[in-house]
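One structure below.
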Amino acid sequence: MPSTDSLTNKPYQMTTSEIQAFQTTFMAWYDVHRRELPWRLNQEPYRVWLSEIMLQQTQVQTVIPYYERFLATFPTVVDLAAAPEELLLKTWEGLGYYSRARNLQKAARQIVDDYQGQWPQTSVELEKLAGIGPYTAGAIASICFGEVVPAIDGNAFRVFSRLLKIDADIANPKNRQIFYDAILPLIPQDRPGDFNQAVMDFGSQVCTAKNPTVGETDLAPFFRSYQDGTLLDYPVKTKKQRPKPVALMAVIIQSPQGVLLQKRPSTGLLANLTTYPLVVPADILPEDEVLTPEEILTYIERYFQETYAITLQQLRPTNLKPVVHTFTHLKWTIELLQAELVADVDLAFFPGQWYSEDALQMVALPTVQKKLMARIKTN
DNA sequence: GACCCGTGGAG
DNA sequence: TCTCCAAGGGT
């Protein structure tokens, strides 16, 4: 049951004097413990925006080297708008959630083409840009333009659910408004950007998911859940489902021109990235039929013939241990197969090409592909 | 609203 | 090994 303020009868509120004291204490904590980060050098929208996109579902430590490299490669929004996709994805390689990179460029082109290179300055307008949702819009608007608006991310959910004992399920998007309404009156009018960044720093350094140390800070008296010993009961979050297991086969085909790699479709998992040809046996094998390994290979040969007009020679299993790679929602177990080709294969129907070692350096490879290559190299 | 979309670190 | 998490957004 939600805690209710006796004066206003609205849920999850503080009195005016409580708010004053909280703000003073919280911002004082921030002024002492504020982290120095590359994207805090100044408040240029391009730099702040890039950091916010990279930090989506990604830890600070992981982002920092990518951030520096990306800024060096694409110093301005104009450079980014004009970048070749291959270089864009290569710069993002390994960071994951690759649609972020494509949306980043889409938004850069919106800025250049639709906004004459001038950033919109409100969260409402910012949210119209590709890849910018409610959180990122709030973060940029408050940090760069001083708009008094919450930036509600995982840290904010955790900090304010514990502060105010908000027991609404944070996994339910419908409950976001409850947090918005609760946080908005807590934002100091003169420091909205600092406030939102203070939430990040406090949430990631003190009010952490595991082993929180709220009790060791001056903020402890304000945390209602800490006061009654229920800090770890918050936030309330329903469980996610487990990654679904999927069996795949990678077909490694060598030739004097290099190895055959396939560019994935422009939508869906690992969009536009490059891997060995990956076959999902479940998709090309007859259902409800027990097949021998030899028969399975025959089906794969037929699949390559019919789909790509490629004749595989000597398709065979390797003695390599399968590669296991887990995504958020999928768990791939990949068997490695080898094949030879007759000379002068026509790749007219194959979405890929032969890659030499040098050419491999230029193309964006997902981590699962790097794992597959490592498995081969170490044997 | 439910599902899709990566990766690396922590315990 | 397994589970959960980490500055979410798109469809």
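To find a chain, count down the sequence lines: A is the first, B the second, and so on, and within it residues start at 1.
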Say we look at [N] and [M]: how far apart would their [atom1] atoms be, to the nearest angstrom?
N: B:dG6; M: C:dT11; atom1: P; answer: 13 Å
N: C:dA7; M: B:dA2; atom1: C1'; answer: 24 Å
N: C:dA6; M: B:dC5; atom1: C1'; answer: 15 Å

C:dG8 phosphate, OP1 or OP2, under 4.0 Å from A:R176 side-chain N/O: no
Reckon A:S99 has a side-chain N or O less than 4.0 Å from the OP1 or OP2 of B:dC5? no
Can A:Q177 and A:D181 be counted as having a side-chain donor-acceptor contact under 3.5 angstrom? yes
Which part of the nucleic acid, if any, lies within contact of [X], taking any heavy atom under 4.0 Å across all strands shown: a base, the sugar-phosphate backbone alone, or nothing?
X: A:L330; answer: nothing
X: A:L37; answer: base
X: A:T328; answer: base
X: A:P173; answer: nothing
X: A:K244; answer: nothing
X: A:R102; answer: nothing
X: A:A130; answer: sugar-phosphate

For A:T367, what residues pass the side chain to side chain contact (heavy atoms under 4.5 Å, CB included) criterion, not counting sequence neighbours? A:H325, A:K371
Would you kindly compare A:L129 and A:K237 by the position of their nearest DNA chain C nucleotide and give the one closer to the 5′ end? A:K237
Can you list the steps and then say if A:T275 with A:Q262 is a side chain to side chain donor-acceptor pair (under 3.5 Å)? CA-CA 5 Å; A:T275 67; A:Q262 183 170 25; 5.4 Å; no
Is there a donor and acceptor pair, one atom on the side chain of A:R100 and one on the base of C:dA7, closer than 3.5 Å? no
May I ask you to test the A:P120-A:L129 pair for a side-chain heavy-atom distance under 4.5 Å? yes
So if I apply the ring-ring contact (aromatic ring centres under 6.0 Å, His included) rule between A:W39 and each of A:Y67, A:W49, A:Y46, which one comes out positive? A:Y67
Taking the side chain of [X] as its heavy atoms from C-beta onward, which of [options] lies nearest to it?
X: A:Y97; options: B:dG1, B:dT7, C:dG8; result: C:dG8
X: A:Y98; options: B:dT7, B:dG1, C:dT3; result: B:dT7
X: A:R242; options: B:dC4, C:dT3, C:dA6; result: C:dT3

Of residues 40-72 of chain A, the positions that come close to DNA chain B - non-hydrogen atoms, cut-off under 4.0 Å: A:Q57, A:T58, A:Q59
Contact check, residues 180-218 of chain A vs DNA chain B, heavy-atom distance under 4.0 Å, returns none
For A:S255 and A:W354, which heavy atoms make the closest approach, and how far apart are they? OG-CE3, 3.4 Å
Separation of [N] [atom2] from [X] [atom1] (nearest whole Å):
X: A:D153; N: C:dG9; atom1: CG; atom2: C1'; value: 14 Å
X: A:D169; N: B:dG1; atom1: CG; atom2: P; value: 12 Å
X: A:F327; N: B:dC4; atom1: CZ; atom2: P; value: 13 Å
X: A:Q110; N: C:dG9; atom1: CD; atom2: P; value: 15 Å
X: A:L270; N: B:dT7; atom1: CG; atom2: C1'; value: 11 Å
X: A:H329; N: C:dT3; atom1: NE2; atom2: C1'; value: 18 Å
X: A:F179; N: C:dG8; atom1: CZ; atom2: C1'; value: 15 Å
X: A:L269; N: B:dC4; atom1: CG; atom2: C1'; value: 9 Å

Per nearest nucleotide of DNA chain B, the residue lying toward the 5' end, A:G96 or A:N172, is A:N172
A:R47 side chain to A:P38 main-chain N or O, any donor-acceptor pair under 3.5 Å? yes
Got a donor-acceptor contact below 3.5 angstrom from the A:N103 side chain to the A:R100 backbone? no
Cation-pi check, A:R176 onto A:F179 ring (under 6.0 Å, within 45° of axis): no
Check the orientation of A:F26 and A:W29. Use parallel for under 30°, tilted for 30 to 60°, and perpendicular for over 60°. parallel
With a 4.0 Å cut-off on N to O distance, would you call A:K165 and A:D228 a salt bridge? yes
